[in-house]
Trainee: 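What follows is a single structure, and I will ask about it in a moment.
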Amino acid sequence: LGYLRRVSLDPTLFASILGAGGSIAGALAGTALGYKLSNSKAEVDVYIDNRVWAYYMPSNFAMYIPITVINEGSHSGTITDFKLILTSPTKQKWELFWQDFAEENSHKGEGWGPGRAASPILVHGKSGTQHYLRFASLGKTSDELSDVALQTGEYNLEIKAFDRNSKDFISKSYLFNVETEPQETLAARRQNKEDLGTWWFPIRSSLQK
């Protein structure tokens, strides 16, 4: 019959083996985590905040848009441009182009005013920023009025954000309703080039329709 030989392992040697194994496992875990962080991408998203303002410049229709830009990724991200697409209840479409960062001056007893010119927005990793942006439609009629003539009904407002390669990588759609009173007020302001008064509209995501 065979027999088993009991071998005793020196406690110091056993501890050394355990320590070496733990160090290797820790090093591998740290390397994997570092690789994941160094290769994580920017995760930028854009939201329009609750309401928008519409008004008529002397020859153009314009909108003030409050937006929140967030980045849930570890790397910084950049938005180089924005564009709005406004669609009427009859499916007529207008493009509005980003003009500048707007300034809301009601605390000064004044209306809206233009801020610095449109320029890229850098969003650092794990952060967010809020901005007011002004957009304008460049289309005009033969009598130098904006070709945007609002009617009553439900409008779709789509915002597009563009990356460094001029590709739109974010697109969000919202809905708002133009009732009779704001329609009539804005129609009069479209004809009166000295009236720059605004009208605000609550918005909702098109997914909540």
Side-chain angles (χ1 to χ4, degrees), residues 46-69 79-121 129-162 166 168 170-206:
V46 173
Y47 302 91
I48 297 181
D49 301 327
N50 301 322
R51 64 182 66 183
V52 297
W53 286 259
Y55 81 108
Y56 283 95
M57 301 164 63
S59 299
N60 303 98
F61 174 76
M63 298 188 78
Y64 291 115
I65 308 294
I67 67 164
T68 295
V69 182
I79 297 176
T80 60
D81 201 4
F82 290 95
K83 183 169 66 175
L84 292 180
I85 300 174
L86 180 65
T87 304
S88 76
T90 58
K91 305 306 179 183
Q92 185 174 1
K93 294 181 183 290
W94 298 280
E95 290 187 346
L96 284 75
F97 300 94
W98 184 22
Q99 304 297 303
D100 48 50
F101 292 90
E103 293 182 358
E104 203 278 315
N105 297 316
S106 60
H107 61 287
K108 300 179 181 178
E110 303 172 1
W112 289 87
R116 59 187 175 90
S119 58
I121 296 176
T129 58
Q130 292 181 307
H131 307 276
Y132 283 109
L133 307 182
R134 183 168 67 107
F135 294 81
S137 170
L138 305 181
K140 300 178 184 179
T141 63
S142 58
D143 51 359
E144 290 298 305
L145 297 176
S146 170
D147 66 349
V148 180
L150 298 181
Q151 57 185 290
T152 58
E154 184 180 75
Y155 283 76
N156 186 86
L157 185 65
E158 181 182 9
I159 185 168
K160 291 180 177 289
F162 295 82
S166 298
D168 57 298
I170 297 173
S171 179
K172 293 283 181 70
S173 291
Y174 297 84
L175 301 172
F176 67 92
N177 288 82
V178 176
E179 306 296 342
T180 301
E181 184 181 358
Q183 187 275 327
E184 293 177 347
T185 301
L186 289 171
R189 290 172 177 170
R190 177 172 174 264
Q191 298 287 333
N192 183 359
K193 296 188 176 185
E194 295 183 357
D195 189 346
L196 303 179
T198 62
W199 195 289
W200 69 268
F201 299 94
I203 64 168
R204 62 192 185 280
S205 171
S206 62

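In this chain, residues are counted from 1 in sequence order. The structure presented is a predicted model; accordingly, all values stated were derived computationally and were not measured.
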Trainee: Looking only at heavy atoms, what is the nearest atom pair of P58 and L196, with distance?
Mentor: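 Looks like CD-CD2, 4.1 Å.
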
Trainee: I'd like to check the salt bridge (charged side-chain N to carboxylate O under 4.0 Å, His left out) partners of K83; sequence neighbours left out, ordered by chain and number.
Mentor: E95

Trainee: Applying ring pair (Phe, Tyr, Trp, His ring centres under 6.0 Å), name anything that partners Y64, two or more places apart in sequence or on another chain.
Mentor: Y55, W112

Trainee: Could you tell me whether the side chain of T198 and the main chain of W53 form a donor-acceptor pair under 3.5 Å?
Mentor: no

Trainee: In residues 180-187, what donor-acceptor pairs under 3.5 Å come from side-chain atoms, sequence neighbours left out?
Mentor:
from	atom 1	to	atom 2	distance (Å)
Q183	NE2	L150	O	3.2
T185	OG1	E181	O	2.9

Trainee: Decide yes or no on side chain to side chain contact (heavy atoms under 4.5 Å, CB included) for I65 and F135, but give the supporting numbers first.
Mentor: CA-CA 8 Å; I65 308 294; F135 294 81; 3.6 Å; yes

Trainee: Looking at P66 and Y132, what are the two nearest heavy atoms and their distance?
Mentor: CB-CE2, 3.4 Å

Trainee: Identify the heavy atoms of P89 and T152 that sit nearest to each other, and give their distance.
Mentor: CG-O, 3.6 Å

Trainee: If you take all heavy atoms of V46 and K172, which pair is closest and at what distance?
Mentor: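 Looks like O-NZ, 3.0 Å.
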
Trainee: Quick one: CG on L145 to CG on N192, what's the gap to the nearest 0.5 Å?
Mentor: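 If I round to the nearest 0.5 Å, the distance is 10.5 Å.
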
Trainee: Measuring only between side-chain heavy atoms, which start at C-beta, is K140 closer than 4.5 Å to N60?
Mentor: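 In contact.
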
Trainee: Could you pull out all residues at least two apart from F101 that satisfy ring pair (Phe, Tyr, Trp, His ring centres under 6.0 Å)?
Mentor: W98, H131

Trainee: Taking the six-membered ring for Trp, are Y155 and F176 parallel (under 30°), tilted (30 to 60°) or perpendicular (over 60°)?
Mentor: parallel

Trainee: Run the numbers on V69 and Y47 for side chain to side chain contact (heavy atoms under 4.5 Å, CB included), then give the verdict.
Mentor: CA-CA 7 Å; V69 182; Y47 302 91; over 6 Å; no

Trainee: State whether the side chain of Q99 and the backbone N or O of F97 hold a donor-acceptor pair below 3.5 Å, judged by distance alone.
Mentor: yes

Trainee: Can you name the closest pair of heavy atoms from Q92 and W94 and give their distance?
Mentor: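 What the structure gives for the nearest pair is CD-CZ2, 3.4 Å.
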
Trainee: Y56 side chain to V148 main-chain N or O, any donor-acceptor pair under 3.5 Å?
Mentor: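 Here the side-chain-to-backbone pair exists.
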
Trainee: Drop me the distance from L157's CG to S206's OG, to the nearest 0.5 angstrom.
Mentor: 10.5 Å

Trainee: Can a donor-acceptor pair be found, under 3.5 Å and without considering hydrogens, that links the side chain of T80 to the backbone of F162?
Mentor: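 Between the backbone of F162 and the side chain of T80 there is a qualifying donor-acceptor contact (under 3.5 Å).
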
Trainee: Holding to salt bridge (charged side-chain N to carboxylate O under 4.0 Å, His left out), I want the full list of residues that pass it with R189, two or more places apart in sequence or in another chain.
Mentor: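 By the salt bridge (charged side-chain N to carboxylate O under 4.0 Å, His left out) rule, R189 matches D195.
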
Trainee: Within the structure provided, determine whether L96 and F61 are in side-chain contact (heavy-atom separation under 4.5 Å).
Mentor: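 Yes, at least one pair of side-chain atoms sits under 4.5 Å.
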
Trainee: How far does OG of S166 sit from CG of D81, to the nearest 0.5 angstrom?
Mentor: 8.0 Å

Trainee: Which pair of heavy atoms, one from I159 and one from I48, lies closest together, and at what distance?
Mentor: CG2-CD1, 4.0 Å

Trainee: Look up atom NZ in K193 and atom OG in S59, then write down how far apart they are to the nearest 0.5 Å.
Mentor: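 Separation between the atoms: 4.0 Å.
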
Trainee: Apply side-chain hydrogen bond (donor to acceptor under 3.5 Å, both in side chains) to E158 and S171, showing your working.
Mentor: CA-CA 7 Å; E158 181 182 9; S171 179; 2.5 Å; yes

Trainee: Would you say N177 and R204 are linked by a side-chain donor-acceptor pair, where the criterion is simply a distance under 3.5 Å?
Mentor: yes

Trainee: D147: which residues meet the salt bridge (charged side-chain N to carboxylate O under 4.0 Å, His left out) condition with it, sequence neighbours left out?
Mentor: none

Trainee: When you look at L133 and I67, which way does the side chain to side chain contact (heavy atoms under 4.5 Å, CB included) test go after all the steps?
Mentor: CA-CA 7 Å; L133 307 182; I67 67 164; 3.5 Å; yes

Trainee: So, K160 side chain and L84 main chain: donor-acceptor pair closer than 3.5 Å or not?
Mentor: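 Not at all, since once roles are kept as given, no pair shorter than 3.5 Å links the two residues.
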
Trainee: I'd like to know if the side chain of D168 and the backbone of I170 have a donor-acceptor N/O pair within less than 3.5 Å.
Mentor: no

